[in-house]
Amino acid sequence: MAVIREIDKATKDYVKTIAELHKRAFPAFFLTQLGVPFLTTLYTGYLEDADSGIIVAEDGGKLIGFIAYSNDYPRFYKGLIKHHLVKFAFCSLGAVIRHPSFIKRLLGAFKKSESVVKTEKYVELASICVEPAIESKGVGSAMIDYLKGIVDFDTYAYINLETDAVNNDGVNKFYVKNGFELSRQYTTAEGRKMNEYQYKQKVRV
């Protein structure tokens, strides 16, 4: 049975393990193509930020899944830019040289803080990843349940997440199964159609 826990601090090697799992799970994703050093810097940011964190699932001490989340996503992105912009640029240099079109997408990613500001306070489930060999074994749902358990719904209105709307039926069904409701659909500047979901704690009567 998987052990679910939140990590307060992690060694550099462990954060790299998280980045490598991301690479295995999402080989074709844009951020993955920027490289493991880029992803390591990104996930280190979640651990350094006071209002963000990483939940992991482990089996026999081996990482088999993780969730990265933030209680203040707009400020989190601003902090990433402030503290890690030079390192992000260095880590992604090789990918940008191979694919010059990445520059525009990378700049768009760094403007994320402008597009995630909402009226209510909310928690962003920014990334969820499970070892590909053990998908559909309940690990993802167990990590989401853990996140639901640590969110103060008196302070935060909901848990928010975004995922692809097209050719992604299994993932969309997974979120609905875990209590998330579709809040809106939109298209990114690159033409990527997205679904945005929210989980609100049910009021017991």
Side-chain angles (χ1 to χ4, degrees), residues 1-6 17-36 38-39 42-43 45-46 52-59 62-71 73 76-77 102 105-106 108-109 112 115-116 118 122-151 153 156-202:
M1 180 177 292
V3 174
I4 313 295
R5 66 185 179 96
E6 183 168 13
T17 301
I18 290 171
E20 289 171 340
L21 176 53
H22 177 120
K23 181 180 179 180
R24 289 195 299 276
F26 308 122
F29 278 30
F30 170 63
L31 291 181
T32 305
Q33 295 176 62
L34 296 177
V36 168
F38 184 97
L39 292 170
L42 172 65
Y43 288 120
Y46 283 96
S52 305
I54 296 179
I55 295 164
V56 298
E58 297 167 319
D59 187 1
K62 180 182 178 181
L63 179 71
I64 58 173
F66 71 87
I67 280 177
Y69 73 91
S70 179
N71 296 334
Y73 210 33
F76 169 74
Y77 259 91
F102 282 6
R105 294 191 65 181
L106 189 55
K112 185 76 172 178
S115 63
V116 293
K118 302 181 186 299
Y122 68 98
V123 175
E124 182 75 14
L125 197 172
S127 181
I128 179 170
C129 180
V130 174
E131 185 68 56
I134 59 167
E135 287 182 351
S136 303
K137 301 294 185 181
V139 174
S141 294
M143 291 191 296
I144 287 178
D145 285 344
Y146 187 99
L147 177 61
K148 291 174 183 176
I150 64 175
V151 170
F153 286 99
Y156 301 99
Y158 49 81
I159 301 172
N160 192 79
L161 65 85
E162 299 175 0
T163 192
D164 286 280
V166 180
N167 298 323
N168 197 32
D169 290 348
V171 172
N172 281 276
K173 289 178 181 177
F174 167 77
Y175 290 129
V176 172
K177 183 188 75 171
N178 279 280
F180 287 82
E181 296 181 356
L182 185 66
S183 60
R184 70 169 178 134
Q185 295 180 307
Y186 68 97
T187 303
T188 68
E190 297 80 26
R192 185 179 172 190
K193 294 182 178 179
M194 304 294 293
N195 285 340
E196 186 170 22
Y197 288 94
Q198 294 176 356
Y199 172 83
K200 297 181 180 180
Q201 190 177 56
K202 302 295 187 295

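Note that the coordinates shown come from a computational prediction; the quantities given were computed from them, not determined experimentally.
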- Task: Enter the distance from Asp145:CG to Asn178:CG here, rounded to the nearest 0.5 Å.
- Result: 6.5 Å
- Message: So Ile55 and Ile150, do their side chains get closer than 4.5 Å, heavy atoms only?
- Response: yes
- Run through Tyr199, Tyr197, Phe153, Tyr122 and flag the one making a ring pair (Phe, Tyr, Trp, His ring centres under 6.0 Å) with Tyr158. Tyr122
- Enter the distance from Lys148:NZ to Gln201:CD here, rounded to the nearest 0.5 Å. 10.0 Å
- With distance as the sole test, does Ser183 use its side chain to make a donor-acceptor pair with the main-chain N or O of Glu196 at under 3.5 Å? yes
- Message: Is there a side-chain contact between Arg24 and Glu131 in this structure, where contact means two heavy atoms from C-beta onward sitting under 4.5 Å apart?
- Response: yes
- Query: For the atom pair OG1 (Thr163) and CZ (Phe174), what is the distance rounded to the nearest 0.5 Å?
  - Reply: 10.5 Å
- Is Glu162 paired with Arg192 through a side-chain N to carboxylate O contact shorter than 4.0 Å? no
- CD1-CG distance between Ile54 and Leu63, expressed to the nearest 0.5 angstrom: 9.5 Å
- Message: Whether the Tyr46 and Ser127 side chains hold a donor-acceptor pair (N or O, under 3.5 Å, no angle test) is what I'd like checked.
- Response: no
- Message: For a 4.5 angstrom cut-off between non-hydrogen side-chain atoms, does Asn172 reach Leu182?
- Response: no
- If you take all heavy atoms of His22 and Tyr43, which pair is closest and at what distance? ND1-OH, 2.7 Å
- Message: Quick one, Asn195 with Tyr175, criterion side chain to side chain contact (heavy atoms under 4.5 Å, CB included). Give me CA distance, side-chain angles, the key distance, then yes/no.
- Response: CA-CA 11 Å; Asn195 285 340; Tyr175 290 129; over 6 Å; no
- Residue pair Tyr146 / Glu6, side-chain donor-acceptor N/O under 3.5 Å: no
- Item | Heavy-atom side-chain proximity of Val171 to Asp164 below 4.5 angstrom | no
- Say you draw a straight line from NZ of Lys118 to CG of Asn160; how long is it, rounded to the nearest 0.5 Å? 4.5 Å
- Item | Tyr73 and Phe76 aromatic ring geometry - parallel, tilted or perpendicular at 30°/60° bounds | parallel
- Could you give the distance from CD1 (Ile64) to NZ (Lys137), rounded to the nearest 0.5 Å? 11.5 Å
